[in-house]
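The figures that follow rest on heavy atoms only: side chains count, while hydrogens, waters and symmetry mates do not.
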Amino acid sequence: MAAAQLTSTCFLPSFDGLRSSTSKVSSVAVSLPFRKSTRGLVVKAATTVAPKYTSLKPLGDRLLVKIKAAEEKTVGGILLPSTAQTKPQGGEVVAIGEGRTIGDKKVDIGLQTGTPVVYSKYAGTEVEFNGLSHLILKEDDIVGILETDDVKDLKPLNDRVLIKVEEAEETTAGGLLLTQATKEKPSFGTVIAVGPGLLNEEGNRTGVPLSPGNTVLYSKYAGNDFKGEDGSEYIALRASDVMAILS
């Protein structure tokens, strides 16, 4: 254990009648112990289900999704190191819960096993089951259904909206060319697809007050970002994160 000494000299005021004076206090040495932190980095690891368990049944409005493997190569065929591989946000539904109760009505989960889905990036609990990576997550954590490899074909669920992001400005108002790092992240784009809306207390969908083709302004740091096969940027977010329709 290491120690350090702090030495200081100070003058304290004293009052004799109305006259102030100072008295010197001798230096004081204080030994302060320094302890080396033993707290390590916290790493979030998947929960491993023992091989003796052969079935995993989600409860309530939860689903079990088998995670799609991360891409190991770029589109150009360059091999990616594990640290550069994008965390997958897609997978296949392999088991579903019994649903939930809204008011006095029982509502089943609106997805079937075998459905390819995209989910929120940090949602759910990761588990290793039968030697494969899975996620247990709530139905509301599912962003949409994606039956192709291109995000432009995403079918949003609940109150989510898929937006094609407007391209960032390449130059400033004065004509200076902007680098990739200095380009401002756009916060407006064109609606590509909308979900059916949330469920109300009667178990009916409320709809979404947006339509494909609308140009909208949305919260800057909301939603989940994706890149299409043609390089276009997309974002999937909740309708409540859309602030205005532009025309």
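Nearest approach of Leu132 to Lys66, heavy atoms of both residues: CD1-CD, 3.8 Å. The two residues Ile109 and Arg62 come nearest to each other via the heavy atoms CD1-O, 3.5 Å. When all heavy atoms of Glu98 and Asp108 are compared, the closest pair comes out as O-OD1, 3.8 Å. Nearest approach of Leu154 to Leu146, heavy atoms of both residues: N-CD1, 3.6 Å. Nearest approach of Ser120 to Val143, heavy atoms of both residues: N-CG2, 3.6 Å. The minimum heavy-atom distance between Phe226 and Ala236, with the atom names listed, is CE1-CB, 4.0 Å.
Between Leu157 and Val117, every side-chain heavy-atom pair lies at or beyond the 4.5 Å cut-off. For the pair Ser211 and Val194, the minimum side-chain heavy-atom distance is 4.5 Å or more.
Residue Lys106 places its NZ atom among more than 12 non-hydrogen atoms of other residues, nucleotides or ligands, all under 6.0 Å distant. Counting heavy atoms of neighbouring residues, nucleotides and ligands inside a 6.0 Å radius, atom CG of Asp104 does not exceed 12 of them.
Here salt bridge (charged side-chain N to carboxylate O under 4.0 Å, His left out) pairs that include residues 133-147, with residues two or more places apart or in two chains, are Asp61-Lys138, Asp140-Arg238, Glu147-Lys155.
Not a single donor-acceptor pair under 3.5 Å links the side chain of Glu126 to the backbone N or O of Leu135.
Taking CD of Glu167 as the start and OG of Ser232 as the end, the distance is 7.0 Å to the nearest 0.5 Å. To the nearest 0.5 Å, atoms CZ (Arg160) and OG (Ser240) are separated by 9.5 Å. Note that CG of Asp225 and CD of Gln89 are 9.0 Å apart. Values are rounded to the nearest 0.5 Å. With values rounded to the nearest 0.5 angstrom, Asn214 atom CG is found 9.5 Å from Leu246 atom CG. Taken from CG in Asp159 to CG in Leu237, the straight-line distance is 10.0 Å, to the nearest 0.5 Å.
Hydrophobic cluster membership of Phe129, counting Ile, Leu, Val, Met, Phe, Trp and Tyr whose side-chain heavy atoms lie under 4.5 Å apart directly or via other members: Val49, Tyr53, Leu56, Leu64, Val94, Val127, Ile136. Summarising the hydrophobic clusters (Ile, Leu, Val, Met, Phe, Trp, Tyr; side-chain heavy atoms under 4.5 Å, direct or chained), the residues clustered with Val107 are Ile102, Leu199.
At a threshold of 4.0 Å, the pair Lys164-Glu233 does not count as salt-bridged, since none of the basic side-chain nitrogens sits closer than that to a carboxylate oxygen.
Linking ILVMFWY residues whenever their side-chain heavy atoms come closer than 4.5 Å, directly or via other members, places Ile235 and Val161 in the same cluster. Neither Val151 nor Val216 shares a network with the other; the hydrophobic side chains, linked directly or stepwise wherever heavy atoms of I, L, V, M, F, W or Y lie under 4.5 Å apart, form separate groups for each. Under the 4.5 Å side-chain heavy-atom criterion for ILVMFWY residues, a single connected hydrophobic cluster contains both Val118 and Tyr234. Cluster annotation: Leu162 and Leu210 are assigned to distinct hydrophobic clusters (Ile/Leu/Val/Met/Phe/Trp/Tyr, side-chain heavy-atom contacts under 4.5 Å, transitive). Taken together through direct or relayed side-chain contacts under 4.5 Å among Ile, Leu, Val, Met, Phe, Trp and Tyr, Val165 and Ile192 form parts of separate hydrophobic clusters.
If you check the side chains of Thr148 and Asp150, you find no donor sitting under 3.5 Å from an acceptor. Side chains of Glu128 and Thr47: a donor-acceptor N/O pair is absent below 3.5 angstrom, by distance only.
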Item to complete: Any chance you could lay out the side-chain contact (heavy atoms from CB on, under 4.5 Å) test for Tyr218 and Val191, step after step, and finish with the verdict?
Response: CA-CA 11 Å; Tyr218 54 84; Val191 175; over 6 Å; no
Practice prompt. Please test Ser247 against Thr215 for side-chain contact (heavy atoms from CB on, under 4.5 Å), starting from the C-alpha separation and ending with a verdict.
Written response: CA-CA 7 Å; Ser247 60; Thr215 300; over 6 Å; no
